[in-house]
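Structure, as structure tokens:
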Protein chains: 2
Amino acid sequence: MAIADNAAMSNTSTGLRERTRRAVRREIAETASRLFLERGYAATTIDDIAAVVGMSQRSVFRYFPTKEDLLLEKFDLAAEQLLDRLARIPAAEPIWSALRQAFEVMVPETDRPGHDAAAEAIMRVVFGSTSLFAGYLERLQRMQDDVVALLRDGRPGATADLRAVVGAGFGCLVAAQRSWLDRSDPCPFAAMLDRAMAMVAPAPPPRQRH
Amino acid sequence: MAIADNAAMSNTSTGLRERTRRAVRREIAETASRLFLERGYAATTIDDIAAVVGMSQRSVFRYFPTKEDLLLEKFDLAAEQLLDRLARIPAAEPIWSALRQAFEVMVPETDRPGHDAAAEAIMRVVFGSTSLFAGYLERLQRMQDDVVALLRDGRPGATADLRAVVGAGFGCLVAAQRSWLDRSDPCPFAAMLDRAMAMVAPAPPPRQRH
DNA sequence: GCCATATGTGTCAGCAACTGACATAATAGA
DNA sequence: TCTATTATGTCAGTTGCTGACACATATGGC
């Protein structure tokens, strides 16, 4: 049956259908981002996006479950990378610095020499819209669950404690992101994140029996 | 003009109109909470609520801007109390313990002997619905702005640093709330919050020049 | 090349959260 | 009592989102 075939090839890049589907998906997301940047999130309607892409509104919803997902799925990719990175960090590493390293993937392009302005602009759209920001925070929360699940085996301590530390770390992340967007003079995001996280858990962590 | 009069009496409890308005408002909120508990948030429609209260859907929206506000405005009251409490804490107090004390108002009734089951049930509704939870997190974020603004004068340090510490504190708060809702054996929320916050910032805080 | 099946798409109808506009009733204040 | 404000209902409309149906296209086995 084709079902088995599909399941088997869904991860691989093979399968013409998958490829075109992915391409259409990307085109929708990119058009949406562009329109959101140009006209603002609330002022852009799904019908607008559909019209530009050249398909019906219904089809847009077949690719993306909600309007928010059109933008926020970008962060799902970051979430995967974050977990990937975290998984490679040895368990001996203190949690706080492990988190700091993992957060490196969260704002990948903004500090690089090229300084991808689009990434920052999208961040401003997300942080500027109440509903988008709410959705972003909720995604961060779900991300924390994955992080906790990953850190749980390999490290000692109760889940509740782990959750608290991870929650505090993500709190610092969001604080740093907001402070960075509010910055007056040019300042790399990594520095803001360092400062934020150093503020909370200073160098010698007393928890951590190795 | 009546405009000035209204502005003058809006705070006081005088004014029959204000009083009835407040009463209607409360009735709507209570009916909404009840229906959300009974049928679930998503399954309850504004028309349902309006029908039970005995008014038109349009009028419900005249009292509450969004469906979310019907539930989440409860936390606005908590936010006020939190700021109130925080304002009374002397500036000499370390930020972390000041936050811990202020958080005391966040889950007021659940730990008391009476154990207001409604409060916990509402919490479960909020934490159980994706959109409600997102809105809750966004409100917590705005609450943090107020907390930072309050702590800024009276304490040394840059706003960004303050924001990080406060963000970490609220991160612990949410983590404790989630852990508490997940609890298997009976456990007071205050204890969970203590543990969560102790986990992140241990007893002797190295920042804090007094 | 042909056929059965799976898949993508458009269209349409409908629901629910909102919003603005208008008419009307109730009411506070002079 | 009269007037200006306010509360409410009704109605129409927008937007996000969903299910159902029909149709076209493409895929894979023969």
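Here is how names work: the chains are called A, B, and so on, in the same order as the sequence lines, proteins then strands, and each is numbered from 1. Just the heavy atoms: all of them, side chains too, but no hydrogens, waters or symmetry mates, feed the values below.
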Smallest heavy-atom separation, B/C172 atom then B/M197 atom, equals CB-CG, 3.9 Å

Measure CZ/A/R19 against C1'/D/dT27 and give the value in whole Å, please. 14 Å

Does A/Q177 have any side chain to side chain donor-acceptor pair (under 3.5 Å) partners at least two apart in sequence or in another chain, and if so, which? A/Y136

Tell me the salt bridge (charged side-chain N to carboxylate O under 4.0 Å, His left out) pairs involving residues 40-64 of chain B, sequence neighbours left out? B/R39-B/D48

Enumerate the residue pairs fulfilling salt bridge (charged side-chain N to carboxylate O under 4.0 Å, His left out) with a member in residues 158-173 of chain A, sequence neighbours excluded, ordered by first and then second residue. A/D161-B/R195, A/R163-B/D182

Please name all residues satisfying side-chain contact (heavy atoms from CB on, under 4.5 Å) with A/Q144, sequence neighbours left out, ordered by chain then number. A/Q141, A/V166, A/F170

Once side-chain contact (heavy atoms from CB on, under 4.5 Å) is applied, do any residues pair with A/E80, and if so which ones, sequence neighbours excluded? none

One thing to verify: whether B/K74 and B/D69 come together as a salt bridge, which I'm taking to mean a side-chain N less than 4.0 angstrom from a carboxylate O. no

Of all heavy-atom pairs linking B/V200 and A/A168, the shortest is CG2-CB, 3.6 Å

Taken in chain and number order and not counting sequence neighbours, the residues that satisfy side-chain contact (heavy atoms from CB on, under 4.5 Å) with A/A29 are A/F64

Could you tell me the separation between the CZ atom of B/F61 and the P atom of D/dG13, rounded to a whole number of Å? 19 Å

Under the rule for side-chain contact (heavy atoms from CB on, under 4.5 Å), what residues qualify as partners of A/V24, not counting sequence neighbours? A/I28, A/M55, A/Y63

A/E120/A/R183 ion pair, N-O < 4.0 Å: yes

Please list, in numerical order, the residues of residues 66-77 of chain A that have a heavy atom closer than 4.0 Å to any atom of DNA chain D. A/T66, A/K67

Near DNA chain C, counting only heavy atoms under 4.0 Å, which residues of residues 27-51 of chain B show up? B/T44, B/T45, B/I46

Tell me, which of residues 134-142 of chain A have any heavy atom that sits under 4.0 Å from an atom in DNA chain D? none

Restricting to pairs with a member in residues 141-152 of chain A, which pass salt bridge (charged side-chain N to carboxylate O under 4.0 Å, His left out), not counting sequence neighbours? A/E138-A/R142, A/D145-B/R178

Does this structure show an ion pair linking B/R100 with B/E93, if we count only N-O contacts that are shorter than 4.0 Å? no

Extract from the structure each pairing of a protein N or O with an N or O of nucleotides 7-11 of chain D at less than 3.5 Å, listing the distance.
unit_1 : atom_1 : unit_2 : atom_2 : d
D/dT8  : OP1    : B/Y63  : OH     : 3.2
D/dT8  : OP2    : B/Y63  : OH     : 2.6
D/dG9  : OP1    : B/S56  : N      : 3.3
D/dG9  : OP2    : B/S56  : N      : 3.0
D/dG9  : OP2    : B/S56  : OG     : 2.7
D/dG9  : OP2    : B/S59  : OG     : 2.5
D/dG9  : N7     : B/R62  : NH1    : 3.2
D/dG9  : O6     : B/R62  : NH2    : 2.6

